[in-house]
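Remember, it's 1-based here, ligands and their atoms both numbered in the order they're listed. Throughout, numbering of the chain's residues begins at 1 and tracks the sequence.
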Amino acid sequence: MSTLDGRKALVTGSASGIGRAVAKHLGELGAEVIMSDLPGDQLDAAAEEVERSSVIAANLAVAAEVDNLSTRAGRVDILVNNAGLQHVSPIETFPAERWDTIIAVMLTAPFLLTKALVPGMYETGWGRIINIASVHALVASPFKVAYVSAKHGLLGMTRTIALEAAEHSQDVTAHAICPSYVSTALVEHQIEEQAKVHQIDRERVVEDVLLEHNAIKRLIAPEEIAAAVEWLCGPLAWTMTGAALTMDAGWLAH
Ligand SMILES: NC(=O)c1ccc[n+]([C@@H]2O[C@H](COP(=O)([O-])OP(=O)(O)OC[C@H]3O[C@@H](n4cnc5c(N)ncnc54)[C@H](O)[C@@H]3O)[C@@H](O)[C@H]2O)c1
């Protein structure tokens with residue numbers, strides 16, 4: 001018997017990167033996994049890799065689609081709010097519509113999904129809300145105003161949920177995982193852009209730009225984040241509810 005037999009998980013943004021690795025790992029641990037992302041072949045292909053998975057496509061920038069997702073998902077024991085996107089620009093030229101989309105996908109959608117699904121966790125007395133935040137929930141970088149604001153907000157939301165959930169059950173927890181750079185499509189895109197802007201090769205972008213603040217100069221693998229999610233689904237997660245789990249290779253140790 002696997003550790004998550006009988007549990008149902010919903011992982012947003014699971015067509016790619018961290019979400020895909022988390023969904024796969026939760027499936028390996030025995031959970032039934034609902035995979036959600038924008039509709040397309042990539043989501044269907046990702047779901048084929050995951051045991052006991054089903055697919056509910058949704059554009060999380062649209063509140064009605066988020067509501068439809070939670071309704072169709074039904075009871076969920078493990079909610080992983082992971083979907084995200086980035087836009088890099090100085091604030092004075094940052095497009096307001098990109099701000100709206102990033103806040104909708106990375107802050108409003110986790111709020112709406114939690115609002116809809118946490119009552120079921122209170123009823124059963126067991127639940128895990130795991131928000132994939134970022135080191136940018138705790139520290140800022142220039143030119144990422146929407147992303148940094150959404151992630152700081154997500155951490156505040158995580159702490160609030162943890163306090164409220166503790167009143168209902170000692171086994172409904174909320175956590176934020178706060179990684180530094182992870183090797184995914186989202187980061188690959190930034191590497192390409194930075195290489196063009198600074199006219200340097202990709203290895204130098206990784207070493208001099210992305211890993212500038214890391215004590216350990218290494219990108220994190222998505223599977224390493226999935227391993228942390230496993231721990232947060234385990235019996236000791238209550239000991240640190242409301243936590244920002246920094247997986248930052250020493251960024252914040254400075
Ligand atoms: N890669 C990193 O370095 C890093 C570091 C810290 C935190 N994170 C966070 O991890 C999460 C996953 O990022 P990733 O690196 O795996 O990126 P990724 O681009 O590989 O995956 C993000 C997924 O979110 C989905 N998504 C984007 N907009 C959506 C929308 N409107 N509706 C539904 N789905 C949507 C994308 O389609 C994609 O599949 C994000 O929240 C990101 O902020 C990433």
Among [options], which one has a heavy atom closest to [atom]?
{"atom": "atom 16 (O) of ligand 1", "options": "Ile18, Val135, Val22", "value": "Ile18"}
{"atom": "atom 29 (C) of ligand 1", "options": "Asn82, Val80, Leu38", "value": "Leu38"}
{"atom": "atom 26 (N) of ligand 1", "options": "Leu43, Thr12, Leu219, Asp37", "value": "Asp37"}

First locate atom NZ of Lys115, then atom OG1 of Thr108, and finally report the distance between them rounded to the nearest 0.5 Å.
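If I round to the nearest 0.5 Å, the distance is 12.0 Å.
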Check whether any heavy atom of [X] sits under 4.0 Å from an atom of ligand 1.
{"X": "Ala133", "result": "yes"}
{"X": "Lys151", "result": "yes"}
{"X": "Ser180", "result": "yes"}
{"X": "Ala58", "result": "yes"}

When you compare the side chain of [Y] with that of [X], does any pair of heavy atoms fall below 4.5 Å?
{"X": "Ile225", "Y": "Pro179", "result": "yes"}
{"X": "His198", "Y": "Val205", "result": "no"}
{"X": "Trp238", "Y": "Gln170", "result": "no"}

Considering heavy atoms of the protein only, find what lies nearest to [atom] and give residue, atom and distance to 0.1 Å.
{"atom": "atom 15 (O) of ligand 1", "answer": "Thr184 OG1, 2.5 Å"}
{"atom": "atom 13 (O) of ligand 1", "answer": "Leu186 CD1, 4.1 Å"}
{"atom": "atom 32 (N) of ligand 1", "answer": "Leu60 N, 2.9 Å"}
{"atom": "atom 6 (C) of ligand 1", "answer": "Pro179 O, 3.4 Å"}
{"atom": "atom 27 (C) of ligand 1", "answer": "Gly84 O, 3.5 Å"}
{"atom": "atom 4 (C) of ligand 1", "answer": "Val182 CG2, 4.0 Å"}
{"atom": "atom 8 (N) of ligand 1", "answer": "Tyr147 OH, 3.5 Å"}

May I ask you to list the atoms of ligand 1 that are less than 4.0 angstrom from any heavy atom of [X]?
{"X": "Ser16", "result": "18 (P), 20 (O), 21 (O), 39 (O)"}
{"X": "Val187", "result": "1 (N), 2 (C), 3 (O)"}
{"X": "Asn59", "result": "30 (C), 31 (N), 32 (N)"}
{"X": "Gly17", "result": "16 (O), 20 (O)"}

Glu223/Lys24 salt bridge by N-O under 4.0 Å criterion:
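The answer is no: the pair does not qualify as a salt bridge.
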Using modelled atom types only, decide if a donor and an acceptor are shared between the side chain of Asn214 and the backbone of Ala249 within a distance under 3.5 Å.
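Between the backbone of Ala249 and the side chain of Asn214 there is no qualifying donor-acceptor contact (under 3.5 Å).
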Can you tell me which residue among His136, His87, Gln190 is in a side chain to side chain donor-acceptor pair (under 3.5 Å) with Lys144?
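Per the side chain to side chain donor-acceptor pair (under 3.5 Å) rule, the option paired with Lys144 is Gln190, out of His136, His87, Gln190.
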Should we say atom CG of Asp201 is surrounded by more than 12 heavy atoms from elsewhere, each under 6.0 Å from it?
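Enclosed.
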Tell me whether the rings of Tyr122 and His168 are parallel (<30°), tilted (30 to 60°) or perpendicular (>60°).
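Answer is parallel, since the angle falls under 30°.
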Any side-chain donor paired with an acceptor under 3.5 Å for Glu192 and His189?
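On atom types as modelled, these side chains do not qualify, holding no pair under 3.5 Å.
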Residue that, paired with Ile56, satisfies side chain to side chain contact (heavy atoms under 4.5 Å, CB included) out of Leu10, Ile34, Thr12
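The residue from Leu10, Ile34, Thr12 that satisfies side chain to side chain contact (heavy atoms under 4.5 Å, CB included) with Ile56 turns out to be Ile34.
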